[in-house]
Amino acid sequence: MSDNRISVSNLNLYYKEFQALKQVDMDIGANRVTALIGPSGCGKSTFLRTLNRMNDLIEGVRVEGSVLLDGEDIYRPDVDVVSLRKRVGMVFQRPNPFPMSVFDNVAYGPRIHGERNKRKLEQIVETSLRGAALWGEVQDRLHKSALGLSGGQQQRVCIARLLAVEPEVLLMDEPTSALDPLATVKIEELISTLKKDYTIIIVTHNMQQAARVSDSTAFFLNGEMVECGETESVFTRPLDQRTEDYITGRFG
Ligand SMILES: Nc1ncnc2c1ncn2[C@@H]1O[C@H](COP(=O)(O)OP(=O)(O)OP(=O)(O)O)[C@@H](O)[C@H]1O
């Protein structure tokens, strides 16, 4: 059995007539961080959203090909999209905590999924906040609004909110683009810790960030996945001229 968690084959995605992803083939390893890089508009976020069918929410989207998660095609018509998104959770560019307390943000998912036991919820909230490296900073203000936290803390609340529903895969769409350098370092450290337990795919505009946090890197250009490999080789010995041009700053 291979340690590929996700296997993408012949993936095409159209926004109405516009083809945003072209014949993408890619394997994503378990317990690794995979970075998606490439110039603006090349399809990184679109690709990320195919991994938990978030594009389904956009009108006029058509997807062809297959995305296997642990060998099961997530695009099969009988797949329960709600439980898919529980297994494959997502963090966005701008932290988007709900306008409620830190506790209620993190308990939100488990409550939706039927957990009512107060002690159990307290345990889940603490474990998830510890998992998101935030517990020490918020344990005295669990019942205050999450909107009163700093941007970096809010992003970690969002990560704790994901961890609370016990996902397997974490999708992160430029999770530090709205954060200052210190908050960015904390999230990057957290990503390195989380990969022990989760498979992580991160979109980033920042090549230093990709080099710092990821094990594998995939370079996208005009909807094509040009090259994917060990981060160190992609950055130091790219196989494709277009990857080299991008990495050396010749475009994008
Ligand atoms: N909802 C949509 N409807 C129509 N076209 C879209 C939609 N979302 C994205 N696109 C187009 O698909 C292409 C890929 O966009 P996508 O956001 O995936 O790129 P990206 O590489 O993540 O860009 P960025 O780095 O700027 O976020 C772009 O040409 C974009 O304009």
Side-chain angles (χ1 to χ4, degrees), residues 6 8-26 28 33-67 69 74-75 81 84-85 88-96 151 155 158-159 162 169-179 181 183-184 187-188 191 199-214 216-229 231 234-235 238 240-252:
I6 297 174
V8 175
S9 319
N10 288 323
L11 187 72
N12 291 307
L13 182 141
Y14 302 83
Y15 293 112
K16 303 211 167 92
E17 272 77 60
F18 175 71
Q19 185 168 7
L21 292 176
K22 300 171 188 162
Q23 292 291 116
V24 176
D25 288 314
M26 192 168 153
I28 298 174
V33 178
T34 300
L36 310 179
I37 62 166
S40 189
C42 67
K44 305 178 294 292
S45 300
T46 299
F47 177 74
L48 192 76
R49 290 195 301 262
T50 61
L51 304 180
N52 69 348
R53 294 186 50 176
M54 286 293 267
N55 292 308
D56 289 17
L57 306 171
I58 302 171
E59 210 198 305
V61 165
R62 186 157 59 84
V63 180
E64 296 167 353
S66 69
V67 176
L69 172 62
I74 66 169
Y75 281 91
V81 182
L84 170 68
R85 297 196 187 124
V88 185
M90 191 153 185
V91 178
F92 299 89
Q93 284 184 15
R94 300 219 150 258
N96 60 347
Q155 194 60 301
C158 295
I159 293 172
L162 275 191
V169 178
L170 305 179
L171 308 178
M172 300 187 167
D173 195 352
E174 298 191 47
T176 63
S177 64
L179 305 181
T184 297
I187 299 281
E188 289 183 1
I191 290 171
T199 299
I200 300 175
I201 300 120
I202 176 172
V203 169
T204 178
H205 261 118
N206 178 330
M207 280 191 277
Q208 284 78 25
Q209 178 167 75
R212 280 194 300 267
V213 303
S214 72
S216 306
T217 294
F219 171 61
F220 282 75
L221 187 65
N222 296 328
E224 276 179 61
M225 203 281 289
V226 172
E227 177 167 354
C228 179
T231 295
V234 172
F235 277 90
D240 194 291
Q241 186 63 41
R242 293 167 294 175
T243 315
E244 178 163 344
D245 289 348
Y246 181 68
I247 283 169
T248 54
R250 258 172 249 161
F251 67 89

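Whatever order the structure lists ligands and atoms in, that order sets their numbers, starting from 1. Model, not experiment: these values are computed from the prediction.
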Worksheet entry | Donor-acceptor contact below 3.5 Å, side chain K22 vs main chain N12 | no
Worksheet item: Is atom 31 (O) of ligand 1 less than 4.0 angstrom from at least one protein heavy atom?
Response: no
Worksheet item: Short list, please: which atoms of ligand 1 are under 4.0 Å from a heavy atom of A20?
Response: 12 (O)
Worksheet item: At what distance is the nearest protein heavy atom to atom 1 (N) of ligand 1, and which residue and atom is it?
Response: I58 CG2, 3.6 Å
Fill in: Atom pair CG (N55) and OH (Y15), whose distance is rounded to the nearest 0.5 Å
4.5 Å
Practice prompt. Kindly indicate whether atom 28 (C) of ligand 1 is approached by any protein heavy atom to under 4.0 angstrom.
Written response: yes
Fill in: Contact with ligand 1 for G38, non-hydrogen, under 4.0 angstrom
no
Discussion item. Which residue and atom name correspond to the protein heavy atom nearest atom 25 (O) of ligand 1, and how close is it?
Written reply: K44 NZ, 2.8 Å
Worksheet, complete the sentence: Of all protein heavy atoms, the one nearest atom 23 (O) of ligand 1 is G41 N, 2.8 Å
Discussion item. With rounding to the nearest 0.5 angstrom, report the CD1 to OG1 distance, I28 to T199.
Written reply: 9.0 Å
Discussion item. Starting from atom 18 (O) of ligand 1, what is the nearest protein heavy atom, named by residue and atom, and what distance separates them?
Written reply: T46 OG1, 2.4 Å
Response to the item:
In terms of heavy-atom contacts, F235 and I37 come closest through CZ-CD1, 4.3 Å
Worksheet item: So which protein heavy atom does atom 19 (O) of ligand 1 come closest to, and at what separation?
Response: G43 N, 3.2 Å
Worksheet item: Tell me, which protein residue and heavy-atom name are nearest atom 26 (O) of ligand 1, and how many Å apart are they?
Response: S40 OG, 2.6 Å
Practice prompt. Evaluate the side-chain proximity of Q155 to T176: yes if any heavy-atom separation is below 4.5 Å, no if none is.
Written response: no
Worksheet, complete the sentence: Residue, atom and distance of the protein heavy atom nearest atom 17 (O) of ligand 1 read S45 CB, 4.0 Å
Practice prompt. Check K16 against ligand 1 and report side chain, backbone, both or neither, counting heavy atoms closer than 4.0 Å.
Written response: neither
Item to complete: Could you pull out all residues at least two apart from T204 that satisfy side-chain hydrogen bond (donor to acceptor under 3.5 Å, both in side chains)?
Response: Q209
Worksheet item: Who gets closest to atom 7 (C) of ligand 1 by heavy atom: F18, Y15, Y14?
Response: Y15
Could you pull out every donor-acceptor pair under 3.5 Å between side chains of residues 217-226 and any protein atom, sequence neighbours left out?
{"residue": "T217", "atom": "OG1", "partner": "S214", "partner atom": "OG", "Å": "3.3"}
{"residue": "T217", "atom": "OG1", "partner": "T231", "partner atom": "OG1", "Å": "2.9"}

Item to complete: Decide, yes or no, whether a salt bridge links D56 with R53 under the criterion of side-chain N to carboxylate O below 4.0 Å.
Response: yes
Worksheet item: Okay, side chain of E174, backbone of V203: is any donor-acceptor separation there less than 3.5 Å?
Response: no
